[in-house]
Asks: 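Handing you a structure now.
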Amino acid sequence: MNTHNNTLSDLTLTRAQLEDLCAHGGALRFENCDFQGSDLARLDLQDCQFIRCQLADVSLHGARLARSVWQSCRVGRADFGAADLLEAQFHSCDLNNSRWCRSKLGAAKFQDCKLTGAVFEDVAQLGLEFSNTLLIGTSMRRMSFRKAKLVGLDFSEADLCACDFRDAVFEGGSLRDAVLTDARFEGADLREADLGGLKLTAAKYFKGATISSRQAAMLARELGLLVA
C-alpha cells in the first residue's frame, strides 16, 4: 500500500473509507484500487485521479467528478447519471454499457475508450470531445457534433436519431448500420467514414454532405442502383 503524497494504491475501498479519505481534503490519486460494485453516489471526488482501477458496476450517480482523470480503468456498467464531469478526462478506459443520463460533460474528453452500448441521454455537452473511441450500439439521441473533428469514432449500430453533424469532419470512423432518423449532415465531410449498410430511407439525411466517388458507387450498389 502506498499513501505518499495523496496516492493510494492496491487497495479495496468501501464507501465509508472513501468518505473518510475525502473528508481530509485535497485531490486523491488512486492506483490499482478496487471499487467494484460500490455505491459512490453523490461523493465529492473532484480533481481525483483513477489509474488502472476497477470500477465495474459502480454507482457514481450525482457524484462531483469535475476535472477528474481516468487512465486505463475498467468501468463497465457504471452509472454516471446526473454526475458533474466538467473537464473530466478518460483515456484508454473500458466504459462499455455505462450510463450518462443527465450528466454534465462540458469540455470532457474521451480518448481511446470503449463505450459500446453506453447510454447518453439529456447530457450537457458543450465542448465534449471523443477521439479513437468505440461507440458501437451507443444511444446518443439529439447530441450535437456540429463543426467537430471526429477522429476514429465507430458509431456502428448506434442510435443517432436527431443528432447534429452539420459541418463536422469525419477522419476515419464508421456510421455502418447506425440509426440516423432526423440526423443532420449539411456541410459534413464524410469522405473517410464507413457508410456501409445505409438504407434507402436514411439516404435523405445525408443531403448537403460531401462523400467520395467511391462511397457514392458503394451506396448506389447498396441501394440497388446500377451504376453505368
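Just so you know, these numbers come straight off a predicted model, no measurement behind them. These values consider heavy atoms only, across backbone and side chains, with no hydrogens, waters or symmetry-generated copies. Numbering of residues begins at 1 and proceeds along the displayed sequence.
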Asks: Applying a strict under-4.5 Å side-chain criterion to I, L, V, M, F, W and Y, I'd like to know whether Tyr205 and Ile211 cluster together.
Replies: yes
Asks: Can you list every side-chain hydrogen bond (donor to acceptor under 3.5 Å, both in side chains) pair that touches residues 207-216, not counting sequence neighbours?
Replies: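 Passing the test, one end in residues 207-216: Ser212-Gln215.
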Asks: Taking all non-hydrogen atoms of both residues into account, name the closest pair between Ser68 and Leu85 and its distance.
Replies: OG-CD2, 4.5 Å
Asks: Are there more than 12 heavy atoms of other residues, nucleotides or ligands under 6.0 Å from atom CZ of Arg67?
Replies: yes
Asks: Determine whether Val151 and Leu153 make a side-chain contact, defined as any pair of heavy atoms from C-beta on separated by less than 4.5 Å.
Replies: no
Asks: Could you walk me through whether Asp182 and Cys161 pass side chain to side chain contact (heavy atoms under 4.5 Å, CB included), step by step?
Replies: CA-CA 6 Å; Asp182 295 328; Cys161 290; 6.0 Å; no
Asks: For residues Leu65 and Ala88, report the shortest heavy-atom separation together with the two atoms involved.
Replies: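 Residues Leu65 and Ala88, closest heavy atoms: O-CB, 4.0 Å.
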Asks: Within the 4.5 Å heavy-atom criterion, are Leu60 and Leu45 side-chain neighbours or not?
Replies: yes
Asks: Where does the angle between the aromatic ring planes of Phe155 and Phe165 fall among parallel (under 30°), tilted (30 to 60°) and perpendicular (over 60°)?
Replies: perpendicular
Asks: Check the hydrophobic clustering (I, L, V, M, F, W, Y; side-chain heavy atoms under 4.5 Å; chains of links allowed) and say if Phe145 and Val169 are grouped together.
Replies: no
Asks: Which heavy atom in Leu95 sits nearest to a heavy atom in Ser98, and how many Å separate them?
Replies: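 Minimum heavy-atom separation between Leu95 and Ser98: O-OG, 2.6 Å.
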Asks: Could you identify which residues cluster with Leu134, counting Ile, Leu, Val, Met, Phe, Trp and Tyr as linked when any side-chain heavy atoms lie under 4.5 Å apart, either directly or through a chain of such contacts?
Replies: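 Grouped by the 4.5 Å side-chain rule, Ile136 form the rest of the cluster around Leu134.
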Asks: Specify the closest pair of heavy atoms between Thr12 and Gln17, including all atoms of both residues, with the distance to one decimal.
Replies: O-OE1, 3.6 Å
Asks: Just do the side chain to side chain contact (heavy atoms under 4.5 Å, CB included) check on Cys73 and Gln54 with the steps written out, would you?
Replies: CA-CA 6 Å; Cys73 293; Gln54 304 293 324; over 6 Å; no
Asks: Quick check: is Leu21 connected to Leu11 through a chain of hydrophobic side chains (ILVMFWY, heavy atoms under 4.5 Å apart)?
Replies: yes
Asks: Please set out all donor-acceptor pairs under 3.5 angstrom arising from side-chain atoms of residues 105-129, sequence neighbours excluded.
Replies:
{"residue": "Gln111", "atom": "OE1", "partner": "His91", "partner atom": "ND1", "Å": "3.2"}
{"residue": "Gln125", "atom": "OE1", "partner": "Ser144", "partner atom": "N", "Å": "3.0"}
{"residue": "Gln125", "atom": "NE2", "partner": "Ser144", "partner atom": "O", "Å": "2.8"}

Asks: If we ignore hydrogens and angles and just use 3.5 Å, is the side chain of Asn6 paired with the main-chain N or O of Ala27 as donor and acceptor?
Replies: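 Yes.
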Asks: Any heavy-atom pair between the side chains of Arg15 and Leu43 that's under 4.5 Å?
Replies: yes
Asks: Apply side chain to side chain contact (heavy atoms under 4.5 Å, CB included) to Ala56 and list each qualifying residue two or more places apart in sequence or on a separate chain.
Replies: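 In terms of side chain to side chain contact (heavy atoms under 4.5 Å, CB included), with neighbours along the sequence ignored, Ala56 is linked to Gln36, Arg77.
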Asks: Between Arg141 and Asp159, is there a salt bridge with N-O shorter than 4.0 Å?
Replies: yes
Asks: Fit a plane to each ring of Phe35 and Phe30, take the angle between them on a 0 to 90° scale, and name the class: parallel (under 30°), tilted (30 to 60°) or perpendicular (over 60°).
Replies: perpendicular
Asks: Find the distance between CE (Met143) and OG1 (Thr138) and round it off to the nearest 0.5 Å.
Replies: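 OG1 of Thr138 is found 9.5 Å from CE of Met143.
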Asks: How long is the span from the SG atom in Cys163 to the CZ atom in Arg142, to the nearest 0.5 Å?
Replies: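 Reported value, rounded in 0.5 Å steps: 9.0 Å.
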Asks: Can you run down the side-chain hydrogen bond (donor to acceptor under 3.5 Å, both in side chains) pairs that involve residues 165-176, sequence neighbours left out, and say none if there aren't any?
Replies: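 For residues 165-176: Ser156-Ser174, Asp164-Arg166, Arg176-Asp194.
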Asks: Among all residues two or more places apart in sequence or in another chain, which pass the salt bridge (charged side-chain N to carboxylate O under 4.0 Å, His left out) test with Asp44?
Replies: Arg64
Asks: Are the side chains of Leu150 and Phe130 in touch, meaning some heavy atoms are under 4.5 Å apart?
Replies: no
Asks: Are Leu28 and Leu8 close enough that some pair of their side-chain heavy atoms sits under 4.5 Å apart?
Replies: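 Contact flag for Leu28/Leu8 side chains = yes.
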Asks: If only atom types and distance count, is the side chain of Asp94 paired as donor or acceptor with the main-chain N or O of Asn96 below 3.5 Å?
Replies: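 Yes.
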Asks: For the pair Asp189 (side chain) and Arg191 (backbone), establish whether a donor and an acceptor sit closer than 3.5 Å, ignoring hydrogens and angles.
Replies: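 Checked: pair present.
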Asks: When you compare the side chain of Leu190 with that of Phe185, does any pair of heavy atoms fall below 4.5 Å?
Replies: yes
Asks: Please examine the side chains of Arg102 and His61, heavy atoms only from C-beta on, and report whether any two atoms are closer than 4.5 Å.
Replies: yes
Asks: So do Val69 and Phe90 actually touch side chain to side chain, heavy atoms under 4.5 Å?
Replies: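 Phe90 vs Val69: side chains apart.
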Asks: Looking at Arg146, I want to see if its CZ is surrounded by more than 12 non-hydrogen atoms of other residues, nucleotides or ligands under 6.0 Å.
Replies: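 Yes.
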Asks: Under a 3.5 Å threshold, yes or no: a donor from one side chain and an acceptor from the other, between Arg52 and Asn32?
Replies: yes
